[in-house]
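This report concerns only the one structure given below.
Quick note on labels: first sequence line is chain A, next is B, and so on, each numbered from 1. Because the structure is predicted, anything quoted here is derived from the model rather than measured.
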Number of protein chains: 2
Amino acid sequence: MAEFTLPHHHSDVSDALSIKETLDKTGNFTKVAEIFKNLGDSNRLRIFCLLCHREECVIDIAAMVDMTTPAVSHHLKVLKAAGLIISRRSGKEVYYRAADTFEADFLHKAVDKVMDITCPGRVDIE
Amino acid sequence: MAEFTLPHHHSDVSDALSIKETLDKTGNFTKVAEIFKNLGDSNRLRIFCLLCHREECVIDIAAMVDMTTPAVSHHLKVLKAAGLIISRRSGKEVYYRAADTFEADFLHKAVDKVMDITCPGRVDIE
DNA sequence: TTTACAATTAAACGATTGTTTAATTGTTTA
DNA sequence: TAAACAATTAAACAATCGTTTAATTGTAAA
């Protein structure tokens with residue numbers, strides 16, 4: 001990346017190189033985008049938010065979000081692979097809940113905040 | 001929603017109904033998921049972050065993120081429709097930059113935060 | 001009014017995604 | 001061990017998405 005020049009030159013060209021270099025560390029942006037993508041489906045988002053408020057088994061999750069259990073199971077797999085939720089088996093049931101991590105907690109707050117911004121006047125969970 | 005009962009009963013069943021009702025206001029979750037989806041593509045995320053730091057024309061954006069101009073134009077359209085960026089024309093060029101809104105600002109900070117969490121030890125822009 | 005350049009749009013494409021139905025695995029109880 | 005129930009996995013499908021190439025629109029300079 002020794003000789004990068006912008007096709008056009010308006011603002012500080014000096015910054016351009018360093019910004020481009022940061023932008024090139026695509027790995028970072030890919031990771032972050034992946035995380036946002038996890039919450040980019042409304043059903044998955046509903047499940048995640050539910051599991052931030054209560055631990056629940058798959059059948060009850062399915063009942064609360066009004067979906068089939070295979071569909072729910074699929075989304076749980078995605079959220080779990082992302083490290084956003086954890087599970088424990090108790091007898092025949094598997095219970096899921098939000099992971100007790102800084103990331104999951106931050107994302108939950110971020111979702112609440114974005115909902116505050118975009119849906120003013122809404123009624124919050126509890 | 002008068003007679004909703006959970007298939008199984010573990011924790012407080014009383015909460016279940018109110019949570020389900022909140023979860024049913026799907027409109028809200030759809031809106032929020034839509035916003036996260038906008039940042040759920042690494043190239044679109046790179047463009048958004050770039051435009052949070054500097055105003056730039058399409059050709060230069062394309063050069064900095066190493067993409068074709070039609071591809072960039074497509075992402076700009078998505079981000080603009082979401083209200084995350086704005087544009088102004090000056091002569092032959094169209095300049096884009098992050099919108100000066102609470103939402104765009106919050107999202108920018110959220111991206112930074114998530115990157116801090118997931119990519120520790122990274123070098124920040126500027 | 002041509003010519004050149006910036007940007008957008010259109011059409012086509014391959015790839016990914018979310019859901020459904022059916023089959024399978026895991027666990028408990030009769 | 002057989003039957004019942006919870007959960008996951010598999011296969012198939014339609015729908016969405018991001019990128020490419022080509023064509024088009026918009027603006028300015030020759």
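- Heavy atoms from other residues, nucleotides or ligands lying under 6.0 Å from CG of B/Asp66 number 12 at most.
- Residues of residues 72-91 of chain B that place a heavy atom closer than 4.0 Å to DNA chain D, in numerical order, are B/His74, B/His75, B/Arg89, B/Gly91.
- B/Tyr96 comes within 4.0 angstrom of the backbone, heavy atoms only, and of no base.
- Consecutive Watson-Crick or G-U pairs involving DNA chain C, each under 3.5 Å on both distances, make up stems of three or more pairs at C:1-30 with D:1-30.
- Heavy-atom nearest nucleotides on DNA chain C were determined for A/Lys37 and for A/Lys92, and the one closer to the 5' end corresponds to A/Lys37.
- Note: CD1 (A/Ile47) to P (C/dG18) measures 11 Å, nearest angstrom.
- Judged purely by atom type and a 3.5 angstrom limit, A/Arg44 has no side-chain atom pairing as donor or acceptor with the backbone of A/Arg46.
- The aromatic rings of A/His108 and A/His53 sit perpendicular, their planes meeting at an angle over 60°, well past the 30° parallel limit.
- When all heavy atoms are compared, the tightest approach of A/Ile47 to A/Met67 is CD1-SD, 4.5 Å.
- Side-chain N/O atoms of A/Asn43 include none lying less than 4.0 angstrom from OP1 or OP2 on C/dG18.
- Rounded to whole angstrom, the span from the CZ atom of A/Arg46 across to the P atom of C/dG18 amounts to 14 Å.
- Across all their heavy atoms, B/Ser87 and B/Lys80 have their closest contact at OG-NZ, 2.8 Å.
- Of all heavy-atom pairs spanning A/Cys49 and A/Val111, the tightest one is SG-CG1, 3.8 Å.
- If you chain together hydrophobic residues whose side chains sit under 4.5 Å apart, A/Val94 and A/Ile85 fall into the same group.
- Scanning all heavy atoms of the two residues, the minimum distance from A/Phe48 to A/Ala104 falls at CZ-O, 3.7 Å.
- Side chain of B/Arg97 to main chain of B/Ala99: no donor-acceptor pair is present (N/O by atom type, distance under 3.5 Å, no hydrogens or angles).
- Interface limits on DNA chain D: the 5'-most and 3'-most nucleotides within less than 4.0 Å of chain A heavy atoms are D/dC5 to D/dT9.
- Side chain of B/Asp60 to backbone of A/Leu6: no donor-acceptor contact under 3.5 angstrom is found.
- The cluster map of Ile, Leu, Val, Met, Phe, Trp and Tyr, joined by side-chain heavy atoms under 4.5 Å apart, puts A/Phe106 and A/Ile35 in the same cluster.
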